[in-house]
2 protein chains.
Amino acid sequence: MNPASTTDSPLSQRTACPVTRAQTIMAGKWKIVLLWHLSTGTKRFHELEQLLPGISKGILTRQLRELEADSMINRRVYREIPPKVEYSLTEIGHSFLPILDQMAAWSNQHFPPES
Amino acid sequence: MNPASTTDSPLSQRTACPVTRAQTIMAGKWKIVLLWHLSTGTKRFHELEQLLPGISKGILTRQLRELEADSMINRRVYREIPPKVEYSLTEIGHSFLPILDQMAAWSNQHFPPES
DNA sequence: CTGTATCCGTTGGGATACTG
DNA sequence: CAGTATCCCAACGGATACAG
């Protein structure tokens, strides 16, 4: 319905600050855990839905679309009946995983789970 | 005015996921840039206010209080007239800076500022 | 100088019904 | 199966007036 922008790319949210650009990409309630699950391989829509208990279809779709717009994941559509859609990490998505690892290490060091 | 919780610590937002714990701490429109400015040394309230053009006092106060509750910054109050308050990074806050560096490097590599 | 109190508009997640 | 469309609500940032 948008006149000249069918794909609102969050990449347009580029700020001057590179850290903020990265933070914006992973902002969103389910994005980090989505990247985490996709790091182990390609997943279908309903697989992700089951891996994220409590998420609604609409939200899952939005988060996936935003990650796709940010070049973090691939969305491959098989035009079959019934439909089949597979999601996987892009190369950029994979390159982001070390950051998640470092964040996890930092959290566990300074804010241990079971203090 | 709160019955039993004058300090709402975002640390209570500890989720099972360590990455999400870290992400929650830096979530907030001005927190990253606040940490960045404090990385160069102690700053007073009005200094930070000037370094962050467009922020309102209320928001600046909230973001600083949340970072303090997350043990990322220290708040030192000098009981003088006029008042003087200094903010500085804690050790935990300092230990977070390498993550910001890695995020900046990743952003600049994959989403360069002037493509 | 360093806040607090209040209100307001926007954004984002959630729930549900419906569709190709 | 994999969405879309719609409405709702809570959380957050922002602006302003006031206070210690």
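So that the names make sense, note that chain A is the first sequence line, chain B the second, and so on, each numbered from 1.
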Whether [X] side chain and [Y] backbone form a donor-acceptor pair below 3.5 Å:
X: A:Thr40; Y: A:His37; result: yes
X: A:Thr90; Y: A:Ser71; result: yes
X: A:Lys31; Y: A:Lys29; result: no

Grab the [atom1]-[atom2] distance between [X] and [N] for me, whole Å please.
X: B:Leu60; N: C:dT2; atom1: CG; atom2: P; result: 10 Å
X: B:Ile55; N: D:dT16; atom1: CD1; atom2: C1'; result: 16 Å
X: A:Leu34; N: C:dG13; atom1: CG; atom2: P; result: 11 Å
X: A:Leu52; N: D:dG3; atom1: CG; atom2: P; result: 14 Å
X: B:Ile81; N: D:dA19; atom1: CD1; atom2: P; result: 16 Å
X: B:Glu86; N: C:dG3; atom1: CD; atom2: P; result: 12 Å
X: A:Leu64; N: D:dT4; atom1: CG; atom2: C1'; result: 15 Å
X: A:Arg79; N: D:dC1; atom1: CZ; atom2: P; result: 18 Å

Q. Counting only heavy atoms not in A:Glu47, do more than 12 sit closer than 6.0 Å to its CD atom?
A.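 More than 12 within 6.0 Å, yes.
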Q. When you look at CZ of A:Arg75, are more than 12 heavy atoms from neighbouring residues, nucleotides or ligands closer to it than 6.0 Å?
A.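 Yes, the 6.0 Å shell around CZ holds more than 12 heavy atoms from other groups.
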Q.
Are A:Met26 and A:Phe96 packed together at the side-chain level, in the sense that at least one heavy-atom pair is separated by less than 4.5 angstrom?
A. yes
Q) Between A:Gly28 and A:Pro83, which is nearer to the 5' end of DNA chain C once each is assigned its nearest nucleotide? A) A:Gly28
Classify [X] by what it touches in the nucleic acid, base, sugar-phosphate, or nothing, heavy-atom distance under 4.0 Å.
X: A:Arg75; result: sugar-phosphate
X: B:Tyr87; result: sugar-phosphate
X: B:Lys57; result: base

Q: Residues of residues 40-48 of chain B with any non-hydrogen atom less than 4.0 angstrom from an atom of DNA chain C: list those, numerically ordered, please.
A: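 Within residues 40-48 of chain B, the residues near DNA chain C are B:Arg44, B:Phe45, B:His46.
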**Q.** B:Leu64 side, atom CG; B:Met72 side, atom CE - distance, nearest 0.5 Å
**A.** 12.5 Å
Q: Look up atom CD in B:Glu66 and atom OG1 in B:Thr61, then write down how far apart they are to the nearest 0.5 Å.
A: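 So the gap between those two atoms works out to 11.0 Å.
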Q) Quantified as the angle between the terminal helix axes (five pairs each), what is the overall bend of the helix from C:dC1-D:dG20 to C:dG20-D:dC1 to 10 degrees? A) 50°
Can a side chain N or O of [X] be found less than 4.0 Å away from OP1 or OP2 on [N]?
X: A:Arg65; N: D:dT4; value: yes
X: B:Trp30; N: D:dG14; value: yes
X: B:Gln63; N: D:dC12; value: no

Q: Nearest-nucleotide wise, let me know which of A:Glu49 and B:Ser56 is further upstream toward the 5' end of DNA chain D.
A: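 Upstream on the strand: A:Glu49.
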Q: Could you list the residues that satisfy side chain to side chain donor-acceptor pair (under 3.5 Å) with A:Glu49, not counting sequence neighbours?
A: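 Applying side chain to side chain donor-acceptor pair (under 3.5 Å) to A:Glu49 gives A:Lys57.
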(Q) Which label fits B:Phe111 and B:Trp106: parallel for a plane angle under 30°, tilted from 30 to 60°, or perpendicular past 60°? (A)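 Perpendicular: the ring planes of B:Phe111 and B:Trp106 meet at over 60°.
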Q) Quick one: does A:Arg62 reach the base of C:dG12 with a side-chain donor-acceptor pair under 3.5 Å? A) no
